[in-house]
There are 2 protein chains.
Amino acid sequence: MTTIQESAGRGRPRSERAEKAIVDATLDMIGEGVTVSELSIEAVANRAGVGKTTIYRRWANKEDLVVDSLATLRLPMPEPGGTDVRADLIEFLKVMRSESGELRNRCITNIALNEADRYPDLYRRFRELVIEPRREAFRQVLRRGMATGELRPDLDVEVAMSMLVGAMLFHTKMSGPAYPVPGDLPERLVDEALRGFRAS
Amino acid sequence: MTTIQESAGRGRPRSERAEKAIVDATLDMIGEGVTVSELSIEAVANRAGVGKTTIYRRWANKEDLVVDSLATLRLPMPEPGGTDVRADLIEFLKVMRSESGELRNRCITNIALNEADRYPDLYRRFRELVIEPRREAFRQVLRRGMATGELRPDLDVEVAMSMLVGAMLFHTKMSGPAYPVPGDLPERLVDEALRGFRAS
DNA sequence: AGTTTTCGAAACGCGACCGTTGCGTATCGT
DNA sequence: ACGATACGCAACGGTCGCGTTTCGAAAACT
């Protein structure tokens with residue numbers, strides 16, 4: 001937690017409503033595609049209906065605010081059922097697809113894809129907190145499939161993962177009102193990929 | 001061309017050196033990861049060793065400058081040999097990989113991935129000029145493979161393309177000093193994908 | 001009741017960049 | 001030579017966001 005040390009509970013306590021409004025405003029704007037460098041404390045304060053003082057009392061700078069806000073995100077972590085590989089992979093990609101639609105969940109890709117260069121510290125924390133756990137879960141699905149014999153024993157796990165995840169990100173990133181993501185894309189991707197992944 | 005109408009050749013002609021320096025500075029900064037919204041005319045002028053006047057005399061605003069600068073990019077357009085699908089696909093992905101390394105060529109992905117939301121007009125032109133021709137060339141490689149019988153006749157071209165291109169972008173975007181792109185990634189990707197793509 | 005802390009609001013001085021203008025110089029056509 | 005235009009440079013007034021300070025009111029504690 002990078003929040004500034006709060007003082008002893010002498011006087012008026014800090015408003016939880018204000019804090020939530022600040023974090024919500026921050027996440028909403030990031031989800032809408034506002035870059036961290038474009039994100040201004042003033043805009044957050046206005047959007048949250050809060051004085052700038054109330055923000056600076058809690059966070060030392062913009063990056064700390066963003067880090068803490070992102071940490072409060074409870075993002076949908078796919079829980080693969082484990083019955084068969086195809087279902088697990090499709091479930092995983094479907095969660096990714098839903099993330100492209102909902103405002104809050106767009107924070108993931110927006111941060112992961114846009115801020116790596118400029119805010120390496122933020123990116124590193126986000127990578128450890130959000131990205132790596134998901135990549136590891138994805139790898140586990142593939143490895144379990146290899147263990148059960150569903151997938152080839154010599155499958156290149158990293159390559160296979162990047163093919164599926166990359167294709168999904170490719171579509172969601174390019175998507176928009178003009179280029180929507182097909183609803184059946186996860187199935188089509190997984191079925192096409194599994195033709196080569198499956199054990200013969 | 002969005003350049004401001006130049007006057008008749010009465011007085012001193014405009015300096016080609018200055019113009020090239022401006023465009024070079026613009027492209028360099030975009031390649032380095034500077035967002036269009038972050039790109040300031042002042043910074044371009046300083047970097048190019050040029051007065052702001054010299055820029056404003058040629059372009060009405062920042063977006064026009066960026067559009068014209070990008071239009072001068074003569075980017076490597078893969079020319080698939082057409083002998084076999086595997087070689088063509090690998091060639092294509094290798095060009096993409098080289099684009100991740102060289103400064104100038106990073107403009108492609110930086111514009112394509114980061115500016116779609118905020119500069120739809122710029123993105124549309126860039127898409128028509130750069131992205132779509134490459135996608136079409138990629139589709140042609142796959143379609144030719146289907147015609148010659150190398151690939152399955154029922155291959156889902158769009159899905160196949162997004163798997164390969166998406167995986168490549170996924171790696172190049174995530175790449176950096178800490179996470180370099182493996183040199184043999186194109187081969188590994190294509191070989192893994194072709195297992196499912198090939199006709200039996 | 002009195003103390004302490006937080007609240008939202010407003011204003012501060014600072015710096016970055018905007019797009020424009022004027023300056024003195026340089027380089028073209030006539 | 002001379003007029004026209006472009007050059008780099010510096011300054012303009014204006015906007016925005018920074019991080020800080022001050023203010024009166026509100027909300028907890030002793």
Side-chain angles (χ1 to χ4, degrees), chain A residues 2-26 28-30 32-69 115 118-119 122, chain B residues 1-26 28-30 32-69 118-119 122:
Chain A
T2 55
T3 302
I4 291 176
Q5 175 78 5
E6 65 253 38
S7 50
R10 305 284 299 177
R12 172 177 175 174
R14 292 193 183 157
S15 162
E16 283 188 30
R17 268 187 65 253
E19 191 144 336
K20 185 176 188 318
I22 295 167
V23 169
D24 283 348
T26 304
D28 283 348
M29 294 179 74
I30 292 176
E32 287 169 7
V34 178
T35 313
V36 174
S37 72
E38 292 167 344
L39 191 74
S40 77
I41 300 283
E42 304 232 0
V44 172
N46 288 336
R47 182 148 179 167
V50 147
K52 280 197 293 178
T53 330
T54 309
I55 298 182
Y56 280 113
R57 193 174 290 116
R58 291 167 165 78
W59 293 277
N61 53 54
K62 185 166 60 178
E63 192 162 338
D64 282 356
L65 166 62
V66 171
V67 168
D68 274 8
S69 298
E115 313 291 354
R118 222 168 318 272
Y119 296 89
L122 165 62
Chain B
M1 186 61 95
T2 55
T3 303
I4 291 177
Q5 175 79 4
E6 64 253 40
S7 51
R10 305 285 298 181
R12 173 177 174 175
R14 291 190 184 159
S15 162
E16 283 188 30
R17 268 187 67 253
E19 190 143 335
K20 185 174 187 322
I22 296 167
V23 169
D24 282 349
T26 305
D28 283 349
M29 295 179 75
I30 292 177
E32 286 168 8
V34 178
T35 312
V36 174
S37 73
E38 291 167 346
L39 191 74
S40 77
I41 299 284
E42 304 233 358
V44 172
N46 288 337
R47 182 147 178 167
V50 147
K52 280 196 293 178
T53 330
T54 307
I55 298 182
Y56 281 113
R57 193 175 292 117
R58 290 167 165 77
W59 293 278
N61 53 56
K62 183 167 60 178
E63 193 163 337
D64 282 356
L65 166 62
V66 172
V67 168
D68 274 7
S69 298
R118 222 168 318 272
Y119 296 90
L122 166 62

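Residue numbering restarts at 1 for every chain, and letters A, B, ... go by the order of the sequence lines.
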A:R57 side chain near C:dC7 phosphate (N/O to OP1/OP2, under 4.0 Å): yes

Does OP1 or OP2 of D:dC7 have a side-chain N or O of B:R58 closer than 4.0 Å? yes

Residue closer to the 5' end of DNA chain D, B:P13 versus B:T53 (nearest nucleotide): B:P13

Should the side chain of A:K52 and the base of C:dG8 be counted as holding a donor-acceptor pair, with the cut-off at 3.5 Å? no

Between A:E32 and A:R47, does any side-chain N to carboxylate O distance fall below 4.0 Å? yes

Calculate the interatomic distance between B:R10 atom CZ and C:dT30 atom P; express it in whole Å. 7 Å

Side-chain-base donor-acceptor pair under 3.5 Å for A:S15 and D:dA27: no

Main chain of B:E38, side chain of B:T35: is a donor-acceptor contact present, judged purely on distance under 3.5 Å? no

Euclidean distance, atom OH of residue B:Y56 to atom P of C:dG22 [Å, nearest integer]: 17 Å

Round to the nearest Å and state the distance from B:E19 atom CD to D:dC7 atom C1'. 14 Å

Quick check for you: among C:dT4, C:dC7, D:dA6, whose closest atom lies nearest to any side-chain atom of B:R14? D:dA6

Looking only at N and O atoms, is any donor in the side chain of B:S40 or the base of C:dC18 less than 3.5 Å from an acceptor on the other one? no

Pick one: which of B:D64, B:T26, B:D68 meets side chain to side chain donor-acceptor pair (under 3.5 Å) with B:W59? B:D68

Take the protein atom CG of B:D64 and the nucleotide atom P of C:dG19, then report the distance between them rounded to whole Å. 11 Å

Integer-rounded Å distance: C:dC28 P and B:R17 CZ: 13 Å

CD on A:E19 to CZ on A:R58, rounded to 0.5 Å: 4.5 Å

Roughly, in whole Å, what's the span from CD in A:E38 to C1' in D:dC16? 14 Å

Reading DNA chain C from 5' onward, which residue's closest nucleotide shows up sooner: A:E16 or B:L39? A:E16

Using whole Å, what does the distance between atom P of nucleotide D:dA10 and atom CD of B:E42 come to? 12 Å

Without swapping roles, check the side chain of B:K52 against the backbone of B:A45 for a donor-acceptor pair under 3.5 Å. no

Just how far, in rounded Å, is C1' of D:dG17 from CD1 of A:I55? 13 Å

Tell whether B:R12 reaches the base of D:dT5 with its side chain through a donor-acceptor pair below 3.5 angstrom. no

